[in-house]
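As structure tokens, the structure follows; a few thoughts come after it.
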Amino acid sequence: MPFIEFKNVDYSYPSGDDEYIQALKNVSFSVERGQFVALVGCNGSGKSTLARLCNGLILPDNGSVTVDGLDTEKKSDLIEIRKKIGVVFQNPDNQMVTTIVEDDVAFGPENLGLPPDEIRARVDFALKSVGMLDYAKSGPTRLSGGQKQRVAIAGVLALKPELMILDEATGMLDPAGRREVMSVVKKLNREENMAVVMITHFMEEAVEADRIIILDRGEIAADGGKELFSDGELFSRVGLELPVYVRVARELNSRGMNVGVPLSTEALVAAVAKRIGGAA
């Protein structure tokens, strides 16, 4: 059984005067335990709407969303669903509720009514997992953007969810901060077998996922693996830009230097070096 499953989901937002804007149209897909999925699309494609449907923050107009067999439309299932899914949003400052890092991470487990020893263990585990244990007594205002987002991830991790959704969680960070967060997310997926749905407009981040779902005007335009990055026409059609190293490789290929479709700067450099060495 899939961990999370969308079946023929529609969702519309009211726009006034009894009119509605359809955000999602007949969306169907599922995510398995332990998968790392990148969800990409232009602004207004429905990505954040989909994230909010996952844990019942909003409910579908038509169709169904189930999490580990639980239905988001059943109020009796919602508490259990929200224990299973953690969401990290774009602005870490909006997710901080206390003035001490470890207290912030403890906030969720405390609200679950867990015993103090269990809360302590979860806080230490979460902060250690994101490399922030040394900052446990620090104030969040003294942290960098990347560090704050790592604390936000720790706050979700302390709830021990089975799926983490990152809704543009690196959108306000500089490149160094984005690398910090991506490193943590990949580690959690790999070492804790935590499923990840990463909503991002950075294609360099999407490349890191095992699976890429592309949304276009509320519909799934493509769902596949890294091979999608070889389809330049697809990305152009949905208004997305390929990573720089893929665009450079495509230009080199068009000029007769067959370097394939490298999915990192390092892979591109190695492919070019190999071609130059072979030509020599």
Side-chain angles (χ1 to χ4, degrees), residues 1-15 20-41 43-91 94-95 97 107-114 152-153 155-169 185 188-189 192-200 209-221 223:
M1 180 177 65
F3 180 71
I4 188 166
E5 186 170 23
F6 278 56
K7 286 186 177 179
N8 309 116
V9 171
D10 296 330
Y11 187 83
S12 297
Y13 290 102
S15 62
Y20 292 82
I21 297 173
Q22 191 162 17
L24 293 176
K25 308 171 189 175
N26 196 34
V27 169
S28 296
F29 73 98
S30 60
V31 176
E32 304 293 334
R33 296 178 188 276
Q35 270 196 321
F36 186 174
V37 179
L39 181 65
V40 302
N43 290 338
S45 61
K47 304 186 300 298
S48 291
T49 299
L50 190 149
R52 285 159 173 75
L53 284 161
C54 286
N55 65 350
L57 291 175
I58 56 177
L59 301 176
D61 298 329
N62 297 298
S64 65
V65 179
T66 56
V67 177
D68 203 15
L70 302 171
D71 192 334
T72 60
E73 295 205 69
K74 293 182 180 178
K75 289 185 178 180
S76 57
D77 286 349
L78 281 179
I79 291 177
E80 195 61 30
I81 286 172
R82 288 169 183 168
K83 288 180 182 178
K84 293 175 178 289
I85 295 181
V87 184
V88 182
F89 295 103
Q90 184 178 59
N91 189 341
N94 292 343
Q95 299 167 82
V97 295
F107 185 80
E110 285 173 348
N111 278 278
L112 292 178
L114 299 177
I153 291 173
V156 170
L157 187 58
L159 297 171
K160 293 198 171 178
E162 296 174 65
L163 168 68
M164 182 180 292
I165 299 173
L166 296 107
D167 188 3
E168 300 281 10
V185 170
L188 293 173
N189 174 249
E192 304 294 333
N193 198 39
M194 182 179 292
V196 174
V197 174
M198 181 180 62
I199 297 171
T200 182
D210 304 317
R211 176 181 168 201
I212 300 93
I213 298 175
I214 300 176
L215 276 180
D216 181 36
R217 289 171 288 189
E219 299 180 277
I220 294 179
D223 183 351

Any chance CZ of Arg82 has more than 12 other-residue heavy atoms, nucleotides or ligands included, within less than 6.0 Å? yes

As a quick check of understanding, evaluate side chain to side chain contact (heavy atoms under 4.5 Å, CB included) for Lys84 and Phe3, giving each step before the final call. CA-CA 10 Å; Lys84 293 175 178 289; Phe3 180 71; 3.9 Å; yes

Heavy-atom closest pair, residues Cys54 and Ile165: CB-CD1, 3.5 Å

Output yes when a side-chain donor or acceptor of Lys47 lies under 3.5 Å from a complementary backbone atom of Leu39, and no otherwise. no

Measuring from Ile213:CD1 to Phe29:CZ, what's the distance to the nearest 0.5 Å? 5.0 Å

Provide the closest heavy-atom pair for Tyr20 versus Ser15 in the form atom of the first, atom of the second, distance. N-OG, 3.7 Å

Distance check, rounded to the nearest 0.5 Å: Ile4 atom CD1 versus Asp68 atom CG? 10.0 Å

Intermediate values then yes/no, side chain to side chain contact (heavy atoms under 4.5 Å, CB included), Val67 and Leu163: CA-CA 10 Å; Val67 177; Leu163 168 68; over 6 Å; no

Are the side chain of Asn189 and the backbone of Ala195 linked by a donor-acceptor contact shorter than 3.5 Å? no

Donor-acceptor pair, distance only, cut-off 3.5 Å: does the side chain of Asp77 make one with the backbone of Leu70? no

Check Phe6 against Val27 and note the closest heavy-atom contact, atom names and distance. CB-O, 3.8 Å

State, to 0.1 Å, how close Val197 and Val31 come at their nearest heavy-atom pair, and which atoms those are. CG2-CG2, 4.3 Å

For Asn26, does its backbone N or O pair with a side-chain atom of Asn8 as donor and acceptor, under 3.5 Å? no

Within a strict 4.5 Å, meaning less than it, do heavy atoms of the Glu73 and Pro60 side chains meet? yes

With no hydrogens and no angle check, is any side-chain donor or acceptor of Gln95 less than 3.5 Å from a backbone partner on Phe89? yes

Tell me, yes or no, whether the heavy-atom count around Asn111 atom CG, taken from other residues, nucleotides or ligands under 6.0 Å, exceeds 12. yes

From Glu192 CD over to Met164 CE, what is the distance, rounded to the nearest 0.5 angstrom? 10.0 Å

Within this structure, what is the CG-OG1 distance for the pair Leu78 and Thr72, rounded to the nearest 0.5 Å? 7.0 Å

Going by heavy atoms in the side chains, are Leu112 and Leu159 under 4.5 Å from each other? yes

Please round to the nearest 0.5 Å and tell me the distance separating atom CD1 of Ile81 and atom OG of Ser76. 9.0 Å

Applying side chain to side chain contact (heavy atoms under 4.5 Å, CB included), run through Phe36 and Asp210 and close with a yes or a no. CA-CA 5 Å; Phe36 186 174; Asp210 304 317; 3.4 Å; yes

Roughly how far, to the nearest 0.5 Å, is CD of Glu219 from NZ of Lys25? 5.0 Å

Where do Ile153 and Leu166 land on the side chain to side chain contact (heavy atoms under 4.5 Å, CB included) test, with the steps shown first? CA-CA 9 Å; Ile153 291 173; Leu166 296 107; 4.2 Å; yes

Among Ile58, Val9, Leu215, Asp167, find the one that has a side-chain contact (heavy atoms from CB on, under 4.5 Å) with Leu50. Leu215

Smallest separation among heavy atoms of Asn193 and Gly34, with atom names: OD1-CA, 3.4 Å

Smallest heavy-atom separation, Ala51 atom then Ile199 atom, equals CB-CD1, 3.5 Å

